[in-house]
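Throughout, a chain's letter reflects where its sequence line sits, starting with A, and its residues are numbered from 1.
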There are 2 protein chains.
Amino acid sequence: MSPSRDAVRQRILEAAGSEFAERGFENATVRQICHKAGANGAAVNYYFGDKQQLYLETVRLASEARIEQISPPPRNRSTPAEVHLYDHVRTLLERMLGSEQDPWQVKLLMREVLQPTEACRELVEQHFRPRFEYLQNLLDSWLPPGMPDYRRRQVAFSVVGQCVHYRMAGEVIAMLTPEEDRRRYHSLDQLAFHITTLTLASLQHRPIWELDTQLRELLEELAEATSS
Amino acid sequence: MSPSRDAVRQRILEAAGSEFAERGFENATVRQICHKAGANGAAVNYYFGDKQQLYLETVRLASEARIEQISPPPRNRSTPAEVHLYDHVRTLLERMLGSEQDPWQVKLLMREVLQPTEACRELVEQHFRPRFEYLQNLLDSWLPPGMPDYRRRQVAFSVVGQCVHYRMAGEVIAMLTPEEDRRRYHSLDQLAFHITTLTLASLQHRPIWELDTQLRELLEELAEATSS
DNA sequence: GATCGTTTAAAGCGCTTGTTTTAATCGAGG
DNA sequence: CCTCGATTAAAACAAGCGCTTTAAACGATC
């Protein structure tokens with residue numbers, strides 16, 4: 001029970017996460033993971049039993065680190081729903097895109113979404129569903145009361161889909177967007193701003209440019225309020 | 001140069017496609033491909049040189065088969081832009097989702113989008129970019145003339161993102177949607193209908209339910225016109 | 001300093017991978 | 001019928017895989 005025991009475990013988890021994220025479960029090799037972690041080739045089996053259990057641990061670690069770490073900013077009770085929607089969208093985008101040097105957590109979770117293993121159901125129930133239901137309730141602020149459930153869900157899927165697309169199809173989007181524009185206009189704030197106003201435009205049946213200025217004003221007010 | 005030469009090649013391509021789609025390039029095995037194709041274990045190397053070249057062939061085959069095969073229906077010159085948008089959205093959805101027993105082509109192309117190899121650039125320039133520019137022009141029907149290019153692109157990305165989401169996150173969406181509702185409301189037509197009217201609502205700053213009835217009427221008119 | 005559970009190191013096991021090799025089979029032309 | 005290039009079949013190859021084993025090194029306790 002040396003003090004370095006946890007340190008080695010942690011180094012292996014970190015190395016395994018990035019390998020699993022980059023190459024997928026089957027293609028990642030225990031040898032490479034151990035080498036990257038500076039541990040012996042038998043360390044994975046010693047600490048985690050086998051490759052599969054190591055994988056499950058990394059998925060749990062990834063969802064906790066990534067999803068519970070990045071949260072929407074705290075707001076006053078009186079904050080308008082438009083800002084809450086913006087916060088939600090921005091948080092979702094930040095979880096997908098926001099990070100220097102692209103940590104492994106998001107890639108790993110994306111793999112689970114795309115090709116769920118047993119680790120996915122836990123992920124959905126624990127993290128995705130609550131967030132999704134919160135978004136649905138938020139959207140009810142503008143939807144007519146008679147809107148059927150299935151349609152409410154689809155509106156929410158539309159919002160999520162717009163956000164996720166910038167990560168899933170990120171490389172293709174990059175090919176379709178001039179580099180100059182990408183640098184200038186694909187910041188988290190600007191993407192969140194676009195998706196929020198486009199969504200609000202469809203829900204409030206008002207022109208996009210009106211909502212552009214309205215949301216900009218709302219955000220500036222809040223920025224001043226918190227800075228003072 | 002027996003007459004069966006092309007037949008064997010074709011069988012191997014078909015088997016390789018489904019294996020590559022299901023397991024990815026590295027995880028698919030030449031042995032399994034040959035077994036599935038009813039060919040000998042050395043056939044891949046004999047006909048294609050090596051595994052890599054076989055993969056490139058299957059990607060080319062997939063994009064041609066899938067993308068050129070499913071096209072929007074022919075329309076009159078006078079067809080309103082709303083219907084063209086609906087057609088485009090529906091075609092995109094059909095390419096993603098529409099097929100009995102889920103052929104391998106879409107999965108393979110999704111893999112290329114998610115983790116592009118050298119085969120991807122060809123795919124983008126040949127298929128994705130033209131379709132994307134067509135969509136942008138279509139959306140210009142409702143966007144104000146002053147809208148900057150980067151924003152026009154983002155609106156188009158929003159439309160594509162909503163469509164693609166139903167494929168990329170299909171399994172998670174299934175977990176979040178009651179099975180009953182999925183059977184009833186996740187048909188190609190209904191998904192396309194939802195995405196189209198939501199998009200039109202934001203662009204025409206009119207309520208969703210108004211556009212629901214308008215688009216429904218437009219489509220019914222066209223259905224009657226073509227059936228008569 | 002000896003002892004004993006914990007951790008590391010290195011070698012090896014059985015198996016599967018992509019590819020090559022070698023031999024058998026086929027089919028049309030002479 | 002024989003021949004010879006094209007194709008198939010089956011075995012073999014080296015390399016890499018997850019995992020196990022064996023033995024050495026370590027560290028606290030007596």
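In this structure, B:Asn40 atom CG and C:dT20 atom C1' are separated by 12 Å, rounded to whole Å. To the nearest angstrom, P of D:dG16 lies 17 Å from CD1 of A:Ile33. The CZ-P distance, from A:Arg9 to C:dT6, rounds to 16 Å in whole Å. What separates CZ of A:Arg23 from C1' of D:dC17 is a distance of 14 Å, to the nearest Å.
Using a cut-off of 4.0 Å between Lys/Arg side-chain N and Asp/Glu carboxylate O, B:Glu64 and B:Arg60 are scored as not salt-bridged.
Looking at residues two or more places apart in sequence or on another chain, you find a side-chain hydrogen bond (donor to acceptor under 3.5 Å, both in side chains) between B:Asp149 and B:Arg152.
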Write out a two-atom table: protein N or O, nucleotide N or O from nucleotides 15-18 of chain C, distance below 3.5 Å.
from   : atom 1 : to      : atom 2 : distance (Å)
C:dG18 : OP1    : B:Ala28 : O      : 3.0
C:dG18 : OP1    : B:Val30 : N      : 3.3
C:dG18 : OP1    : B:Lys51 : NZ     : 2.9
C:dG18 : OP2    : B:Val30 : N      : 2.9
C:dG18 : N7     : B:Arg31 : NH1    : 2.8
C:dG18 : O6     : B:Arg31 : NH2    : 3.1

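Residues B:Leu198 and A:Thr199 fail the side-chain proximity criterion, which asks for heavy atoms closer than 4.5 Å.
A:Ala39 comes within contact range of no nucleotide atom at all, as no heavy-atom separation falls under 4.0 Å. Residue-level contact check: B:Ala43 touches neither bases nor backbone, having no heavy atom under 4.0 Å from any strand.
With hydrogens and angles left out, the side-chain atoms of A:Glu14 and A:Trp104 include a donor and acceptor closer than 3.5 Å.
No close placement of the B:Phe48 and B:Tyr55 rings is indicated, their centers lying 6.0 Å or farther apart.
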Report, one line per pair, each donor and acceptor closer than 3.5 Å where one atom sits in a side chain of residues 113-124 of chain A; sequence neighbours left out.
from     : atom 1 : to       : atom 2 : distance (Å)
A:Thr117 : OG1    : A:Glu112 : OE1    : 3.1
A:Thr117 : OG1    : A:Glu112 : OE2    : 2.8
A:Thr117 : OG1    : A:Ala119 : N      : 3.2

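The phosphate of D:dT7 (OP1 or OP2) has a side-chain N or O of B:Tyr46 nearer than 4.0 angstrom. Distances shown here put every side-chain N or O of A:Tyr47 at or beyond 4.0 Å from the OP1 or OP2 atom of C:dT7.
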